[in-house]
Amino acid sequence: MRGAEHTWGLFLIWLAVGQSSYAQEVIFGSAHEASSECTTRDGNKGRCLDIRKCPKVQENFRTNPPTHCGFSGFSPVVCCPLSAEPVNEGPKDGDTVQLVDISPPDFAPGFECGVNSARRVSTLFQKRSVPTPDNFPHVRPTGLPDLSLLPVDGILAVLNQPKVPKFEGGLLKPSVVGGIDAKANAWPWMALLGNKENDGKYNWFCAGALINDQWVLTAAHCVDGTTLEVVRLGEHNYNSDQDGAKHVDFSIQQIIPHPNYTQPTAYHDLALLQLSRKVVFETFIHPVCLPWGEESERDLIGTQVKLTGWGDTQFLGSPSSILQEVDLTIFPNSKCEANYSRLRHYSISWPNGIGNETTCAGDEAGGRDACQGDSGGPIVYRSNGKYTINGVVSRGYGCGLKDYPGIYANIQYPDYLAWIKKTAF
């Protein structure tokens with residue numbers, strides 16, 4: 001594991017103890033209850049303490065995961081063995097302690113983000129579709145169906161689901177999955193990621209989001225073992241020069257995956273791309289906002305978010321050359337945990353369960369989702385008149401299945417925000 005700084009270690013501990021797989025979890029109503037007696041996983045007596053006051057847990061959490069008592073603010077409260085003396089120095093009741101720096105960066109004068117001046121508001125007559133699922137686990141760009149990975153009831157469900165209909169010449173055609181064509185310049189932070197083929201044409205295989213004048217945020221699996229040569233900003237229809245957009249291409253100076261991203265697990269599926277030159281902001285090229293500071297604490301469960309991308313419009317379908325948009329709803333992570341945990345390869349992708357590092361988003365009725373080629377793209381929500389990124393397209397099971405919402409890297413997760421700030425701001 002790369003990155004041994006103390007703050008990274010604390011958040012890895014947070015990840016380890018905060019999963020639902022630990023059955024003895026008790027959520028405290030307040031920090032005052034965090035001194036109650038508890039029982040450690042090996043049956044010894046302990047006391048619930050802020051993890052920063054229990055060095056023994058910090059030293060041994062990888063080999064001996066602690067009992068999770070709850071949280072005190074952002075800090076995990078764990079069952080600390082009575083034999084381990086707590087650290088005397090630590091947060092007191094009422095103190096505000098920030099483990100990592102997620103405060104807003106010092107932006108250049110005039111910096112503005114999340115501006116959308118040409119958004120298509122209406123989704124009237126939107127068509128829904130129910131696709132055939134892909135193999136699990138898969139990342140969004142590629143994959144072939146393999147029903148052997150499904151439980152028996154899952155196979156029956158797949159065989160009984162129709163393919164996405166095609167609407168040739170109709171009012172709307174299916175998109176992302178279940179979306180519509182976006183208006184040109186409506187989502188100015190969208191980035192296309194690809195490479196140039198021998199015939200001079202571009203192969204676009206992922207998406208990303210511009211976050212400032214030189215950095216694009218995307219998914220780590222988009223750059224893992226793949227040759228990435230170009231980032232295109234300001235695009236609408238990559239098959240047309242008459243689409244009302246003015247795209248600009250950039251080569252890449254450096255690619256930085258999240259230091260803790262490791263295949264085959266699905267955690268930390270983020271990467272930052274430093275462009276070869278600074279971006280000149282225009283109406284059609286503009287960064288999205290990030291959830292700095294208190295915005296990272298906003299409860300978005302039940303909130304409608306917007307997904308945009310150029311990915312496949314149905315399972316094993318074809319990508320859309322025109323940028324697509326679709327409305328999704330953020331669900332509790334327990335919904336994704338409950339359904340994905342039934343699949344055979346769940347323990348490989350999420351050995352510690354699906355936790356707070358993940359956003360679970362989809363549609364209650366199914367038919368709206370990301371699909372192959374949408375990886376790395378953002379889901380955004382509107383706050384104070386501007387759009388803020390909540391998640392980055394990571395993984396999923398099939399495309400648009402109601403029981404399997406999409407899996408997104410949660411940008412509200414403090415560990416991720418701190419890494420983005422340290423690297424790109």
Side-chain angles (χ1 to χ4, degrees), residues 1-3 133-146 149 190-211 215-232 238 249-276 309-312 315-319 340 343-352 354 357-358 370-378 391-399 406-411 415-416 419-420 423-424:
M1 182 179 298
R2 289 171 285 178
D134 203 345
N135 70 308
F136 179 85
H138 81 272
V139 290
R140 289 299 188 183
T142 59
L144 294 173
D146 183 356
L149 300 179
M190 286 301 297
L192 269 168
L193 279 55
N195 51 37
K196 205 167 189 177
E197 300 179 332
N198 293 333
D199 59 4
K201 295 182 180 179
Y202 288 99
N203 172 36
W204 304 113
F205 52 80
C206 272
L210 184 68
I211 58 173
W215 290 86
V216 167
L217 180 63
T218 187
H221 73 258
C222 286
V223 300
D224 186 12
T226 304
T227 301
L228 177 59
E229 298 176 334
V230 61
V231 172
R232 174 171 289 183
Y238 59 72
D249 289 347
F250 295 81
S251 57
I252 301 163
Q253 183 168 319
Q254 61 175 328
I255 299 172
I256 306 178
H258 190 281
N260 297 324
Y261 172 74
T262 305
Q263 288 275 28
T265 65
Y267 303 121
H268 320 301
D269 191 7
L270 293 171
L272 285 164
L273 312 177
Q274 185 179 22
L275 305 180
S276 58
W310 290 271
D312 289 2
F315 167 70
L316 291 184
S318 300
Y340 279 82
L343 300 175
R344 185 173 298 178
H345 284 190
Y346 166 80
S347 61
I348 297 175
S349 287
W350 293 280
N352 294 320
I354 296 174
E357 76 292 325
T358 298
C371 206
Q372 284 77 20
D374 288 319
S375 279
V392 169
V393 178
S394 177
R395 302 199 176 203
Y397 181 78
C399 301
I407 299 290
Y408 301 79
N410 179 14
I411 306 304
D415 181 21
Y416 295 162
W419 170 71
I420 292 169
T423 305

Does CG in Asp199 sit with more than 12 non-hydrogen atoms of other residues, nucleotides or ligands closer than 6.0 Å?
-> yes

Tell me, with the steps shown, if Thr265 and Asn352 meet side chain to side chain contact (heavy atoms under 4.5 Å, CB included).
-> CA-CA 10 Å; Thr265 65; Asn352 294 320; over 6 Å; no

Between Ile211 and Ala424, which heavy-atom pair has the shortest distance, and what is it?
-> CD1-CB, 4.2 Å

Is a side-chain N or O of Tyr261 found less than 3.5 angstrom from the main chain of Ala271, in a donor-acceptor match?
-> no

So OH of Tyr340 and CZ of Arg395: to nearest 0.5 Å the spacing works out to 10.5 Å

Rounded to the nearest 0.5 Å, what separation is found between the CD1 atom of Ile348 and the CG atom of Leu343?
-> 11.5 Å

Checking Arg232 against Tyr238: charged group under 6.0 Å from the ring centre and within 45 degrees of the axis?
-> no

Correct closest heavy-atom pair for Asp312 and Asp374 would be O-OD2, 4.5 Å

Ser276 side chain to Ser251 backbone, donor-acceptor under 3.5 Å | yes

Classify the angle between the aromatic ring planes of His258 and Tyr416 as parallel (below 30°), tilted (30 to 60°) or perpendicular (above 60°).
-> perpendicular

Closest heavy-atom pair and its distance - Thr423, Trp419 | OG1-O, 2.8 Å

Please tell me if the side chains of His221 and Pro257 come closer than 4.5 Å, counting only heavy atoms from C-beta onward.
-> no

Distance from Tyr397 atom OH to Ile407 atom CD1, nearest 0.5 Å?
-> 13.5 Å

Side chain to side chain contact (heavy atoms under 4.5 Å, CB included) partners of Ala191, counting only residues at least two apart = Leu193, Val216, Val231, Leu233

Start with the C-alpha gap between Trp215 and Gln254, add the side-chain angles, then the distance that decides, and say whether side chain to side chain contact (heavy atoms under 4.5 Å, CB included) holds.
-> CA-CA 10 Å; Trp215 290 86; Gln254 61 175 328; 3.9 Å; yes

Scanning both residues in full, the closest heavy-atom pair of Leu270 with Ala409 reads CD2-CB, 3.6 Å

Mark yes or no for whether Asn203, through its side chain, and Gly194, through its backbone, hold a donor-acceptor pair below 3.5 Å.
-> no

Can you tell me how far the CG atom of Asp415 sits from the OH atom of Tyr267, to the nearest 0.5 Å?
-> 13.5 Å

Atom pair CG/OG1 of Asn195 and Thr226 - distance to nearest 0.5 Å | 8.5 Å

For residues Val393 and Ala370, report the shortest heavy-atom separation together with the two atoms involved.
-> CG1-CB, 3.8 Å

Give the C-alpha distance, both sets of side-chain angles, the deciding distance and a yes or no for side chain to side chain contact (heavy atoms under 4.5 Å, CB included) between Glu229 and Tyr202.
-> CA-CA 10 Å; Glu229 298 176 334; Tyr202 288 99; over 6 Å; no

Could you check Thr218 against Leu228 for side chain to side chain contact (heavy atoms under 4.5 Å, CB included), going step by step and ending with a plain yes or no?
-> CA-CA 12 Å; Thr218 187; Leu228 177 59; 5.9 Å; no

Taking all non-hydrogen atoms of both residues, which atom of Ser394 and which atom of Ser375 are closest, and how far apart?
-> O-OG, 3.9 Å

